[in-house]
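All values reported here derive from a predicted model rather than from experimental measurement. Letters A, B, ... are given to chains in the order of the sequence lines, protein chains preceding strands, and every chain is numbered from 1.
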Protein chains: 2
Amino acid sequence: MKEGPDIARIASLVGDPARANMLTALMDGGALTASELALEAGVSLPTASSHLAKLMDGKLLTVASQGRHRYYALSGAEVANMIEAISGVAAHSGPRRARPGPRDKSMREARVCYDHLAGDHAVAMFDRLIAQEIIVRDDEEIRLGPAGQGFFAAIGIDTATLGASRRPMCRACLDWSVRRSHLAGSLGTAILDKILAEKWARRPTGSRVVEFTPPGRKAFEKLFLS
Amino acid sequence: MKEGPDIARIASLVGDPARANMLTALMDGGALTASELALEAGVSLPTASSHLAKLMDGKLLTVASQGRHRYYALSGAEVANMIEAISGVAAHSGPRRARPGPRDKSMREARVCYDHLAGDHAVAMFDRLIAQEIIVRDDEEIRLGPAGQGFFAAIGIDTATLGASRRPMCRACLDWSVRRSHLAGSLGTAILDKILAEKWARRPTGSRVVEFTPPGRKAFEKLFLS
DNA sequence: AGAATGCTTCGACTAGCATCGAACCATGGA
DNA sequence: TCCATGGTTCGATGCTAGTCGAAGCATTCT
């Protein structure tokens, strides 16, 4: 009966609307203060504090005290991955949002998923990388392919140092908008970093949307989709 | 604030212990009846029914009516993926099950799964019955093998009358402790009945554990494992 | 037809938990 | 030292949702 880890415990943590809002607000990988999160969740400060304590207790969040502020953030990519997975199911189950709306459209196109790129663009890129054997799926795992090291070196991403880290370099992350995988892991992070560093896209504050500039999109497509 | 799909809604579905147990019980991809799930979750039948209705409403489960049984199963791989993701986080967060404890050990060894035997003993017996062609796997189905009728007749189980019933005589049931199959169906029930009737084992009330007596275990092993 | 089994619905009870106001601690600045 | 601001704790309140017994359908076996 009671087998694996206590799944109900942490699912119920996400199950409260206020907490769910907080978690999604943190999905961009940033850190927010308690008051900001209270606002985001639409509850009073005491209530928010109580929720944050619970999330901390469940190790879903980490906190960093800075002066008299306390910055809360997701405790890791694993948590972000879980939220995405839940979103995926919810998208199919939910009371179909009548019309997607413009904001949802850009979200669908390109958004930040914790620390890497998600959305249509990310999925297309993922497929292309697979097709060119820059990365390869090996059963459930994803690894750098034969053409990988050279490709990334040419755009200034050193896969050797990435691989040395403890964090998995390549991971598949399932999208809730499209039903397909995109690239997570430290390589996914590196690619997002490059996109922002090259100013191909910018991130409106307080949102997960990634807005490509017209020339930025061209550059992105040329590099990853051709 | 409210952007993505309603994640809290479905997270709270998984957030109830009873429902979480049901979902994990279905993680093998199999289908179980409402009563089996009630047992698995440790709640009464009405309660289970209510939970199942909610899970259906959230589109996490599908149901297939077969005769007077209703077989529930996960609605898709996406749901399974979500459960896995949650388990992953829970494993890191949870209060590390320090030691399995004696109760878990006996559960792993032999327990009742609805109306038949499960656990290590059941899996070993299943393998042995297959090896001796007392039963045979035919693709997904399981049937009585050439040596079957004689074998069971010798221990007082009349396979002819069992086969006359509408209920499937042989069914494979997947174990959570070991990830392998054991025997369910009316034949599985008959075997469990015999074990209890011969007093080879007894069932502590209020538990699924099946406790073999030392001579009982000997007899069982001689009959099914030699 | 009648009995038995599997499952769902109804009704009542209870417990847990989210919520907020007010008081309380901590840090930073005057 | 004294205020101002960001956060947490406490206490009281109200609502939601899980729980089970009993009764109600539906299907199948005799």
Atom [atom1] of [X] to atom [atom2] of [N]: distance rounded to whole Å?
X	N	atom1	atom2	value
A/Met56	D/dT8	CE	P	10 Å
B/Asp57	D/dA17	CG	C1'	15 Å
B/Arg9	D/dT16	CZ	C1'	16 Å
A/Leu55	D/dG7	CG	C1'	16 Å
B/His69	D/dA26	NE2	P	18 Å

Check the phosphate of [N] against [X], side-chain N and O only, distance under 4.0 Å to OP1 or OP2. Yes or no?
X	N	answer
A/Arg70	C/dA26	no
A/Tyr72	D/dG6	no
A/Tyr71	D/dG7	no

Inset, instruction - Just jot down the salt bridge (charged side-chain N to carboxylate O under 4.0 Å, His left out) partners of A/Lys194, sequence neighbours excluded, or say none. - result: A/Glu198
Inset, instruction - Quick one: list whatever passes salt bridge (charged side-chain N to carboxylate O under 4.0 Å, His left out) with B/Asp57, sequence neighbours left out. - result: B/Arg9
Legend entry - Flag, side chain of A/Thr62 to backbone of A/Ser75, donor-acceptor distance under 3.5 Å: no
Inset, instruction - May I ask you to test the B/Ile135-B/Phe126 pair for a side-chain heavy-atom distance under 4.5 Å? - result: yes
Protein-nucleotides 14-24 of chain C N/O pairs under 3.5 Å:
unit_1	atom_1	unit_2	atom_2	d
C/dA18	OP1	A/Arg19	NH2	3.1
C/dA18	OP2	A/Lys54	NZ	2.6
C/dT19	OP2	A/His51	NE2	2.5
C/dC20	OP2	A/Ser44	N	3.1
C/dC20	OP2	A/Ser44	OG	3.2
C/dC20	OP2	A/Thr47	OG1	2.9

Inset, instruction - Take the angle between the ring planes of B/Phe220 and B/His121 and call it parallel below 30°, perpendicular above 60°, tilted in between. - result: parallel
Legend entry - Intermediate values then yes/no, side-chain hydrogen bond (donor to acceptor under 3.5 Å, both in side chains), A/Thr189 and A/Ser186: CA-CA 5 Å; A/Thr189 304; A/Ser186 62; over 6 Å; no
